[in-house]
Chemist: 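This structure is in structure tokens; I'll ask about it shortly.
Sequence lines set the chain letters: A, B, ... in the order given, protein chains first and strands last, and positions in each chain run from 1. Any value given below was found using the heavy atoms of this structure, including those in side chains, with hydrogens, waters and symmetry copies removed.
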Protein chains: 2
Amino acid sequence: MRMDELDAAIVRQLQDDARQTNRELARRLGIAPSTCLERVRSLRERRVILGYHAQISSAALNRGVEAFLSVRIRPKSRTVIDSFKAAVIDLPEVVAVYVVAGDEDFVVHVAVQDLDHLHAFLTDQLAKRREVVSFRSQIIYQSTEKQVREVLAAP
Amino acid sequence: MRMDELDAAIVRQLQDDARQTNRELARRLGIAPSTCLERVRSLRERRVILGYHAQISSAALNRGVEAFLSVRIRPKSRTVIDSFKAAVIDLPEVVAVYVVAGDEDFVVHVAVQDLDHLHAFLTDQLAKRREVVSFRSQIIYQSTEKQVREVLAAP
DNA sequence: ATTGAAATCCACTTGTA
DNA sequence: TACAAGTGGATTTCAAT
């Protein structure tokens with residue numbers, strides 16, 4: 001289950017470009033294509049690589065406005081938490097749901113076409129729920145995402 | 001630049017699995033492989049598809065603890081905003097940086113090995129910066145991400 | 001585990017409508 | 001714009017180390 005330097009390099013490469021050919025990947029790492037293929041297969045089986053996803057322009061999907069909504073709910077019982085999470089993730093405006101510790105209980109990442117739709121979502125979908133005590137909005141002006149590199153364990 | 005139903009279907013498929021072969025993709029959509037290839041190429045050229053990325057298990061990368069840090073800075077000048085953003089994105093603990101409107105100015109998504117490292121990051125890296133007025137932490141217990149589907153424009 | 005070689009499969013181009 | 005067929009190249013398997 002442990003990752004060596006080669007696994008880490010493969011992971012870095014595939015995070016950067018998941019569609020590069022196996023040959024190209026092998027060449028960059030200085031190993032044989034068959035070895036590379038076996039490594040990648042193992043990483044998938046060990047659930048180090050969880051999947052391969054195309055990154056899509058939000059604007060092209062007609063979702064020009066994104067926001068984080070930090071939501072406080074009550075009561076904080078498992079059933080209420082689970083049902084809120086399940087209901088919210090199914091809404092088409094929602095991109096991601098995070099259960100968090102802090103002032104609020106959830107962070108909901110939404111992506112909508114414009115500010116009107118954001119407002120409509122807040123009032124018609126979120127505020128209407130009885131378990132929602134309060135929420136806070138953070139409209140996203142810019143976002144920068146990075147590759148996640150392995151943290152080396154102490155030797 | 002406009003997307004039709006076929007483009008939307010391709011985008012959905014590649015969000016789900018970016019490594020499926022062009023033939024497989026074509027078969028699912030009921031079109032010829034050459035047609036499919038041309039469509040995908042066009043989507044890349046039009047910057048609808050921005051890239052292809054492997055999704056990696058945080059735990060496998062030795063980053064078992066994730067958090068959102070909402071940060072207030074001062075002054076809110078462009079130079080300070082830009083330099084804070086540039087400095088923070090380069091820190092290895094940081095996964096993503098969002099410039100936001102709301103109570104705070106930034107949301108910083110971090111992924112670290114454990115709570116000790118989170119605390120060290122907050123005190124040694126974040127709180128030390130002179131432009132940081134205050135911040136708020138939300139530790140992520142669970143996260144659920146979704147596919148983003150196209151919002152259809154009104155006909 | 002890693003490899004080279006063989007066999008299968010696919011990407012990409014071209015030609016046609 | 002869509003398709004079918006062809007070719008060069010890639011993926012994948014496997015025997016050997």
Side-chain angles (χ1 to χ4, degrees), chain A residues 1-57 59-62 147-155, chain B residues 1-62 147 149-155:
Chain A
M1 188 68 191
R2 206 190 177 89
M3 292 186 41
D4 62 11
E5 200 38 68
L6 196 52
D7 285 335
I10 290 172
V11 160
R12 251 175 276 139
Q13 281 295 325
L14 290 179
Q15 268 188 88
D16 189 52
D17 178 8
R19 291 212 73 160
Q20 63 188 294
T21 66
N22 183 61
R23 284 180 99 89
E24 196 175 321
L25 184 56
R27 191 186 47 76
R28 285 180 206 218
L29 303 175
I31 57 176
S34 48
T35 307
C36 190
L37 200 68
E38 175 51 34
R39 285 283 190 148
V40 172
R41 199 161 22 209
S42 168
L43 286 166
R44 279 234 66 171
E45 268 165 22
R46 285 143 63 203
R47 308 271 172 157
V48 173
I49 296 174
L50 300 174
Y52 303 101
H53 308 287
Q55 181 194 351
I56 308 298
S57 155
L61 295 178
N62 206 12
Q147 240 193 67
V148 187
R149 298 185 56 161
E150 202 199 14
V151 175
L152 301 171
Chain B
M1 189 69 192
R2 203 188 180 90
M3 294 186 40
D4 63 10
E5 200 39 66
L6 195 53
D7 285 335
I10 289 171
V11 160
R12 251 175 274 140
Q13 280 296 324
L14 290 179
Q15 269 188 93
D16 189 52
D17 178 9
R19 289 212 75 160
Q20 62 189 298
T21 65
N22 182 61
R23 288 179 99 88
E24 196 175 321
L25 184 55
R27 192 186 47 75
R28 284 182 208 216
L29 303 176
I31 58 176
S34 48
T35 307
C36 190
L37 201 67
E38 176 49 36
R39 285 283 191 148
V40 172
R41 194 159 26 205
S42 168
L43 286 166
R44 279 235 64 173
E45 267 166 21
R46 283 144 63 203
R47 309 270 173 161
V48 173
I49 297 174
L50 300 175
Y52 303 102
H53 307 287
Q55 181 194 353
I56 308 298
S57 155
S58 301
L61 295 177
N62 207 13
Q147 239 193 67
R149 297 185 59 164
E150 203 200 12
V151 175
L152 301 172

Chemist: Whole-Å distance between dA2(D) P and L6(B) CG?
Modeler: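 Value for this atom pair: 7 Å.
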Chemist: Would the distance check show the side chain of Q15(A) and the main-chain N or O of V148(A) forming a donor-acceptor pair, the cut-off being under 3.5 Å?
Modeler: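 Pair found, side chain donor or acceptor close to backbone of V148(A).
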Chemist: Taking CZ from R2(B) and C1' from dT1(D), how many angstroms apart are they, rounded to a whole number?
Modeler: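 After rounding, the reported distance stands at 18 Å.
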Chemist: Rounding to an integer number of Å, can you tell me how far R27(A) CZ sits from dT3(C) P?
Modeler: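 Value for this atom pair: 15 Å.
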Chemist: Main chain of A60(B), side chain of R47(A): is a donor-acceptor contact present, judged purely on distance under 3.5 Å?
Modeler: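 Judged by distance alone, no pair lies under 3.5 Å.
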Chemist: To the nearest Å, give me how far apart CD1 (I31(A)) and P (dT3(C)) are.
Modeler: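 Going from I31(A) (CD1) to dT3(C) (P), I get 6 Å.
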Chemist: Counting C-beta onward and ignoring hydrogens, is there a side-chain heavy-atom pair between I10(B) and M3(B) closer than 4.5 Å?
Modeler: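 No; the side chains remain at least 4.5 Å from each other.
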Chemist: Check whether any side-chain nitrogen or oxygen of R39(B) sits under 4.0 Å from OP1 or OP2 of dT1(D), and answer yes or no.
Modeler: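 It does not, given that no N or O in the side chain of R39(B) lies less than 4.0 Å from OP1 or OP2 of dT1(D).
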Chemist: State whether the side chain of R19(B) and the backbone N or O of R19(A) hold a donor-acceptor pair below 3.5 Å, judged by distance alone.
Modeler: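 Here the side-chain-to-backbone pair does not exist.
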Chemist: Using a 4.0 Å heavy-atom cut-off, write out nucleotides 11-17 of chain C from 5' to 3' as B (base contacted by protein), S (sugar-phosphate only) or - (no contact).
Modeler: BBB----
Chemist: Listed by chain and number, what are the side-chain contact (heavy atoms from CB on, under 4.5 Å) partners of L152(B), not counting sequence neighbours?
Modeler: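 Per chain and number, L152(B) pairs via side-chain contact (heavy atoms from CB on, under 4.5 Å) with E150(B).
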Chemist: Whole-Å distance between dT2(C) P and L29(A) CG?
Modeler: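 Computing the L29(A):CG to dT2(C):P distance gives 11 Å.
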Chemist: Quick one: CD on E45(A) to CD on E38(A), what's the gap to the nearest 0.5 Å?
Modeler: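 If we round to the nearest 0.5 Å, E45(A):CD and E38(A):CD are 7.5 Å apart.
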